[in-house]
**Student:** 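Could you have a look at this structure, given as structure tokens, before my questions?
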Amino acid sequence: MWAKALCIGLLAFTVGLLNHLQPNIPKAAIGYLSSSLQSIISAEPSYSSLQSTEEAFAASWDRLIVSPRKQWGRVAVGVNACVDVVLSGVSLLQALGLIAHSAKDHLVLSSKEELANTFMHYMQQGAAAERFYSDSNSFADISSQASQDPRAQHFVGGNAALIAQRLASYPDMEVLLCGPVGPKLHELLNEKIFVPPESLQEQDEYHLILEYKAGEQWGSAQAPAASRFIFSHDLSNGAMTSLEVLLSSLEEFQPNLLVLSGLHMMEGLSKESREERLGQAAASLSGVPSDILIHLELASMTDGDMMRGIIYQVFPFISSLGLNEQELLFLSQSASGPHSYISAWSGVPDIGIVSDIIFWILKGSENKTSALTRVHFHTLAYHILATIDGFWGNQMSAVAAGARIAGAQACANETIDPSRVTLKSPLEFSTSQEQTGGTARVSSQEPVAVWSREGVTFHFTPVLVCKHPTRTVGLGDAISSEGLYFSEANS
């Protein structure tokens, strides 16, 4: 702007000086200079030329996102709920006197040393993970140390409680939450959320959230991206004790949507107990009235047998699924799906590979192994929302709303601050690695790409990634909540 003002001033000065010193200069020349001055003054650059790419994407989302014609009204949510204690992972491990020796993943944690090894394993990948800590006394000692950290913060925790909290922020939503709700969590919850008396308990369940920043180091490990490692000794959520309370509340509450999460917490049970409880959960879900749609929110898992149990016992009763890149790949590996030879993602997950796996998940409904008609996938750099044609509407708004909240919440803002976010997603890409020739692209003017494959429609949008995240916990739950809120189920 200052450059334009300087040019105008210099040209005006030149016109005036020439007219004063050379009064006989041809009027045509003076007229030409004067008209040039007028054209500069009157010519305003387009608004888009003043915007950064990030500003333009955010503005396009705002124009694109519209509320669905038919709202959910009432939503029942369960069953994992807790209090999250959030603090620096490196600071806690150092306070515990632990040294970064080696990176090794442990499926269940039984000692502080295994905690250190597993934390280091995921930190050097920049990947989120969650584990059960089996030793109650050791966990109590770690929890006590974490609580003494002056920088530790307490938040609503557990996928179900976080989803309920987000949905309750909308004035037109009534939300029922069933889960182990203690005094501290009840205090933190939105007062609009109804918690049945059967879900209230005398003590809270605590989960420790060890966060790390992009570039942060511990020993030889350096985090390529900001993320977190979660662990707990949570028996109430592990046994899904609130599931029956949730399902028995449906008749009186009469929701249009049931959001289920917390199945991953059963990994802390013995193999026999886990199989029995999963079977009971599936049997209970089979009794949910068909006019109540069920959304399942997955979380970090390590047991292939349990994932296969969810696929074959729970998927037949759910309509919608939310998951991230780790959960998507593990799901495919557990059931020998597409690209299951990949051991782990390297960098930004390939969009064509992700699309192939999502397509395989949704096409399972054709052979009666699944009732799924919608998958909402989210990773750091982009989101994909895929649906079987004819079942869902307003999905362009839904995927854009999910991406918008990801960029805002990670930076602890109500709306996106363009100066604090950046694009990390490719803007042109192959839509499949199994099929050749399909490409799609997005731009700041058209931020959502749409393509179809054999009756499945995909909606893709990049994420404006927060450069310096304030808090990473609960982003996936916020993304899925926004996506559900803006989705419309076709009756």
**Student:** State, without any angle test, whether Q395 and S487 hold a side-chain donor-acceptor pair at a distance under 3.5 Å.
**Tutor:** yes

**Student:** Mind checking side chain to side chain donor-acceptor pair (under 3.5 Å) for Y382 and listing every partner two or more places apart, or none if nothing turns up?
**Tutor:**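 Partners of Y382 under the side chain to side chain donor-acceptor pair (under 3.5 Å) test: none.
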
**Student:** With a 6.0 Å cut-off on ring centres, are F460 and F429 close enough?
**Tutor:** yes

**Student:** State, with a plain yes or no, whether a side-chain heavy atom of D62 is found less than 4.5 Å away from one of L64.
**Tutor:**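 No, every pair of side-chain atoms sits at 4.5 Å or beyond.
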
**Student:** For E446, is the CD atom crowded, meaning more than 12 foreign heavy atoms sit under 6.0 Å from it?
**Tutor:** no

**Student:** Would you confirm whether Q165, through its side chain, and N190, through its main-chain N or O, come within 3.5 Å as a donor-acceptor pair?
**Tutor:**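 It does hold such a pair.
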
**Student:** Using 4.0 Å as the upper bound for N to carboxylate O, is an ion pair formed by D389 and R453?
**Tutor:**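 Salt bridge absent between R453 and D389.
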
**Student:** S110 side chain to S134 main-chain N or O, any donor-acceptor pair under 3.5 Å?
**Tutor:** no

**Student:** Between T415 and N413, is any side-chain donor less than 3.5 angstrom from a side-chain acceptor?
**Tutor:** no

**Student:** Whether the side chain of S340 engages the backbone of G337 through a donor-acceptor N/O pair (distance < 3.5 Å, no angle test) should be reported.
**Tutor:**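 At least one qualifying donor-acceptor pair exists.
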
**Student:** Could you check whether any side-chain N or O of N324 sits under 3.5 Å from a backbone N or O of T379, counting only pairs where one atom can act as donor and the other as acceptor?
**Tutor:**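 Here the side-chain-to-backbone pair does not exist.
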
**Student:** Judged by atom type as modelled, is there a donor-acceptor pair below 3.5 Å linking the side chain of R308 to the main-chain atoms of S334?
**Tutor:**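 Yes.
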
**Student:** Whether the side chain of K104 engages the backbone of M120 through a donor-acceptor N/O pair (distance < 3.5 Å, no angle test) should be reported.
**Tutor:** no

**Student:** With a distance cut-off below 6.0 Å to the six-membered ring centre and an angular limit of 45° from the axis, does R374 pair with W392 as a cation-pi contact?
**Tutor:**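 Yes, R374 and W392 form such a contact.
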
**Student:** Is the closest side-chain donor-acceptor distance between E297 and H295 under 3.5 Å?
**Tutor:**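 Looking only at side-chain atoms, H295 and E297 do form a donor-acceptor pair, the distance falling under 3.5 Å.
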
**Student:** Flag this pair as yes if the NZ/CZ of R131 is under 6.0 angstrom from the six-membered ring centre of F231 and inside a 45 degree cone about the axis; otherwise no.
**Tutor:**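 No cation-pi geometry.
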
**Student:** Is it true that the side chains of Y170 and E482 contain a donor and an acceptor less than 3.5 Å apart?
**Tutor:** yes

**Student:** Regarding N394 and S397, is there a side-chain donor-to-acceptor distance under 3.5 Å anywhere?
**Tutor:** yes

**Student:** Does a side-chain N-to-carboxylate-O contact under 4.0 Å join R228 and E130?
**Tutor:** no

**Student:** How long is the gap from OG1 on T431 to CZ on R441, to the nearest 0.5 Å?
**Tutor:**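 Taking OG1 in T431 and CZ in R441, the distance rounds to 11.0 Å.
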
**Student:** With sequence neighbours excluded, what pairs up with Y133 under the side chain to side chain donor-acceptor pair (under 3.5 Å) test?
**Tutor:** S138

**Student:** Would you please name every residue forming a side chain to side chain donor-acceptor pair (under 3.5 Å) with H376, sequence neighbours left out?
**Tutor:** none

**Student:** Please check: side-chain N/O of N159 versus main-chain N/O of G262, any donor-acceptor pairing under 3.5 Å?
**Tutor:**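 The answer is no, because no donor-acceptor pair under 3.5 Å joins these two groups.
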
**Student:** Using only atom types and a distance under 3.5 Å, with no angle test, would you say the side chain of K192 pairs donor to acceptor with the backbone of A168?
**Tutor:**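 Checking the backbone N and O of A168 against the side chain of K192, a donor-acceptor pair under 3.5 Å is found.
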
**Student:** Just verifying a value: how many Å separate L257 CG and W72 CH2, rounded to the nearest 0.5 Å?
**Tutor:** 4.5 Å

**Student:** Measure the acute angle between the ring planes of Y212 and F119, then classify it against the limits of 30° and 60° as parallel, tilted or perpendicular.
**Tutor:** perpendicular

**Student:** Between D356 and S432, do the side chains contain an N or O donor and an N or O acceptor separated by less than 3.5 Å?
**Tutor:**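 The criterion, which ignores hydrogens and geometry beyond distance, is satisfied for S432 and D356.
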
**Student:** When you measure from the side chain of R74 to the backbone N and O of F253, does any donor-acceptor pair fall under 3.5 Å?
**Tutor:** yes

**Student:** For E244 and S248, does a side-chain donor sit closer than 3.5 Å to a side-chain acceptor?
**Tutor:** no

**Student:** Can K271 and D303 be counted as an ion pair, charged N to O under 4.0 angstrom?
**Tutor:** no

**Student:** Can you classify the ring geometry of H154 versus Y206 as parallel (below 30°), tilted (30 to 60°) or perpendicular (above 60°)?
**Tutor:**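 Perpendicular, since the angle between the ring planes exceeds 60°.
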
**Student:** Looking only at the side chains, is there a donor atom on one of W451 and S355 sitting less than 3.5 Å from an acceptor on the other?
**Tutor:** no

**Student:** What's the spacing between D84 CG and L87 CG if we round to 0.5 Å?
**Tutor:**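 So the gap between those two atoms works out to 11.0 Å.
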
**Student:** Tell me if a side-chain donor or acceptor on T373 pairs with a main-chain N or O of S319 at a distance below 3.5 Å.
**Tutor:**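 Answer holds: yes.
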
